[in-house]
Participant: 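One structure, as structure tokens, below. Some questions next.
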Amino acid sequence: MSDFLTSRKVRAEAPCTGDCRTAHVREGIASLGAEAARLDRRGFLTQTMLASAALALAACGGSFGLGESMAPSSVGASIKLADYSALATVGGVAVVTLNGARLAIVRTGASSFVSLSLVCPHQGAIVATTSSGFQCPQHGATFNRTGMWIGGQPASNMRSYPTTYDATAGTIAIG
Ligand code: FES
């Protein structure tokens, strides 16, 4: 296999770093097509190289459509604790949408709560709740119940928001 093909194969098998962008990948395919046409006289190599480009897209882990969701910088809403039975016990998680923000509110203690954006900090997919925390269905980043990254696809921690519990009013304010 030529050095050119070998380098393309390595790129195709490399894990997504989160740096890829649609324009970049399209540019790479155009480059591959041009180079393949120059190197190939019988058409075989062209097909092989374009197939490698397709693999590179797959290795990107679906960056198309991802990275477009961003966790908002603030939420500015409140909920009534009594409306969410999942929050009646410590460890409970309520999934809510407030002011367009998809959130998980976690009861971490008798009078403490954390609010986390469900937008994956890797490329913007919506993470799912698990028995012990959260996991992104897109590339497998895993987070504990307070949103700290603990494994899978490297990513930062889930975005959290200031969360204040008013025991008298029975409300939870998310900043
Ligand atoms: S979008 Fe890649 S791990 Fe979540």
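Order of listing sets the numbers, starting from 1, for every ligand and every atom in it. The chain is numbered in sequence order, starting from 1.
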Participant: Between Asn99 (side chain) and Val75 (backbone), is there a donor-acceptor pair under 3.5 Å?
Facilitator: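 Checking the backbone N and O of Val75 against the side chain of Asn99, a donor-acceptor pair under 3.5 Å is found.
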Participant: What distance do Leu116 atom CG and Tyr161 atom OH have between them, rounded to the nearest 0.5 Å?
Facilitator: 9.0 Å
Participant: Would you say the side-chain atoms of Arg145 pair up with the backbone N or O of Ser131, donor to acceptor, closer than 3.5 Å?
Facilitator: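 Checking the backbone N and O of Ser131 against the side chain of Arg145, a donor-acceptor pair under 3.5 Å is found.
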Participant: Do you know which N/O/S atom name in His139 is closest to atom 2 (Fe) of ligand 1?
Facilitator: ND1
Participant: Side chain of Ser111, backbone of Gly109: donor and acceptor closer than 3.5 Å?
Facilitator: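 Checked: no pair found.
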Participant: Decide, counting backbone as well as side-chain atoms, whether Cys136 has an N, O or S atom less than 2.8 Å from atom 4 (Fe) of ligand 1.
Facilitator: yes
Participant: Ala141 heavy atoms, cut-off 4.0 Å: which ligand 1 atoms fall inside?
Facilitator: 3 (S)
Participant: Got a sec: is His122 within less than 2.8 Å of atom 4 (Fe) of ligand 1 via an N/O/S atom?
Facilitator: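 No.
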